[in-house]
A.B. asks: 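Got a structure for you, written out below as structure tokens; questions coming shortly.
Only a predicted model underlies this, so the values are computations on that prediction, with no experimental measurement involved.
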Amino acid sequence: AQSVSQHNHHVILSEAASLELGCNYSYGGTVNLFWYVQYPGQHLQLLLKYFSGDPLVKGIKGFEAEFIKSKFSFNLRKPSVQWSDTAEYFCAVISSGYSTLTFGKGTMLLVSP
Amino acid sequence: EAGVTQFPSHSVIEKGQTVTLRCDPISGHDNLYWYRRVMGKEIKFLLHFVKESKQDESGMPNNRFLAERTGGTYSTLKVQPAELEDSGVYFCASSQSAQGGEQYFGPGTRLTVT
């Protein structure tokens with residue numbers, strides 16, 4: 001069974017600091033990769049996704065992620081975080097031929113002003 | 001366009017009681033998914049409908065859980081009888097495409113079994 005590992009459960013940063021959240025997955029075949037975000041009191045929403053093509057994908061609100069197939073990784077980055085980025089971030093994967101998401105445990109990001 | 005809606009937003013019930021959760025997907029989305037997050041754990045898949053048919057129910061924990069999607073529109077998830085370990089947040093999601101397409105999530109229903 002596939003699994004997704006997020007390296008940090010809690011991250012605390014000051015505004016303007018750079019962010020990198022790690023994500024590794026276990027499935028060796030073709031995958032679609034996602035980062036979802038849940039802001040306080042809001043729905044889970046898609047931040048960005050990778051299906052194929054350029055391994056560096058850009059999402060909303062200045063976020064980007066890089067797919068490194070050899071490392072089974074899909075790390076999320078943002079060069080300068082804002083207080084409004086405080087949220088829980090989830091990495092997820094769908095294996096080729098399947099339609100259900102496998103999530104990591106989530107990373108709670110707290111950005112202090 | 002209205003998003004995925006779920007009802008109720010919170011439910012507190014006693015062990016042994018029955019609870020029914022409802023999900024209304026985005027109009028036109030044939031694919032509907034149920035997920036659950038138990039506190040401190042990851043969000044886990046429960047089942048997937050394509051229209052009114054159960055495509056995959058491999059994530060359903062046991063036979064106390066019954067999901068339906070009559071007419072291929074909204075879906076219900078009934079827990080009967082509820083146990084303490086059923087507490088968590090139940091998410092519903094819908095998508096147009098089943099094969100790796102973006103899933104749109106509802107706000108979730110927080111279920112507490114006491």
Side-chain angles (χ1 to χ4, degrees), chain A residues 1-10 21-27 29-53 57 59-60 65 67 74 87-108, chain B residues 1-7 9-10 23-26 29-51 53-61 67 75 88-110:
Chain A
Q2 62 189 354
S3 64
V4 176
S5 174
Q6 292 184 237
H7 306 166
N8 309 96
H9 295 305
H10 292 88
L21 300 182
C23 172
N24 287 88
Y25 61 95
S26 63
Y27 184 69
T30 303
V31 292
N32 295 329
L33 296 155
F34 305 81
W35 276 96
Y36 279 85
V37 60
Q38 188 171 26
Y39 297 102
Q42 296 189 26
H43 302 200
L44 271 166
Q45 57 185 282
L46 185 67
L47 204 51
L48 48 76
K49 62 188 177 187
Y50 172 80
F51 284 5
S52 63
V57 292
I60 60 172
F67 170 51
F74 190 55
E88 191 162 17
Y89 293 80
F90 298 90
C91 182
V93 61
I94 295 178
S95 303
S96 177
Y98 292 85
S99 56
T100 60
L101 288 161
T102 298
F103 284 90
K105 285 191 174 181
T107 298
M108 182 68 73
Chain B
E1 177 184 274
V4 177
T5 58
Q6 293 186 245
F7 182 82
S9 56
H10 295 84
C23 168
D24 286 78
I26 293 172
H29 282 192
D30 288 340
N31 296 277
L32 186 150
Y33 309 82
W34 284 98
Y35 293 87
R36 177 176 73 171
R37 190 183 194 194
V38 172
M39 192 167 62
K41 306 269 188 171
E42 64 269 31
I43 301 169
K44 283 198 169 180
F45 165 75
L46 296 178
L47 88 159
H48 169 208
F49 283 99
V50 178
K51 296 184 180 179
S53 300
K54 291 176 186 174
Q55 180 76 13
D56 181 354
E57 53 183 329
S58 60
M60 294 287 263
S75 174
V89 181
Y90 289 77
F91 293 102
C92 176
S94 71
S95 70
Q96 281 187 316
S97 167
Q99 295 301 315
E102 179 179 349
Q103 295 180 21
Y104 296 84
F105 281 79
T109 293
R110 182 174 295 278

A.B. asks: Pick one of side chain, backbone, both or neither for A:Q38, based on which atoms fall under 4.5 Å of a heavy atom in chain B.
C.D. replies: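 Contact with chain B: side chain only.
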A.B. asks: Between A:T102, A:L46, A:L101, which shows the greatest number of heavy-atom pairs under 4.5 Å with chain B?
C.D. replies: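 When all of A:T102, A:L46, A:L101 are compared, A:L101 has the most.
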A.B. asks: How about A:Q6 and A:H9: do any of their side-chain heavy atoms sit closer than 4.5 Å?
C.D. replies: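 A:Q6 does not reach A:H9 side chain to side chain.
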A.B. asks: How far does CH2 of A:W35 sit from SG of A:C91, to the nearest 0.5 angstrom?
C.D. replies: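 The CH2 atom of A:W35 sits 4.5 Å away from the SG atom of A:C91.
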A.B. asks: In terms of ring plane angle, is the pair B:F105 and A:Y36 parallel, tilted or perpendicular, where the classes change at 30° and 60°?
C.D. replies: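 B:F105 vs A:Y36 ring planes: perpendicular.
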A.B. asks: Nearest 0.5 Å please: distance from the OG1 atom of B:T5 over to the CG atom of B:D24.
C.D. replies: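 Taking OG1 in B:T5 and CG in B:D24, the distance rounds to 4.0 Å.
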A.B. asks: Which residue out of B:Q6, B:K44, B:K41, B:R37 racks up the most heavy-atom pairs below 4.5 Å with chain A?
C.D. replies: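 Of the candidates given, the most pairs with chain A belong to B:R37.
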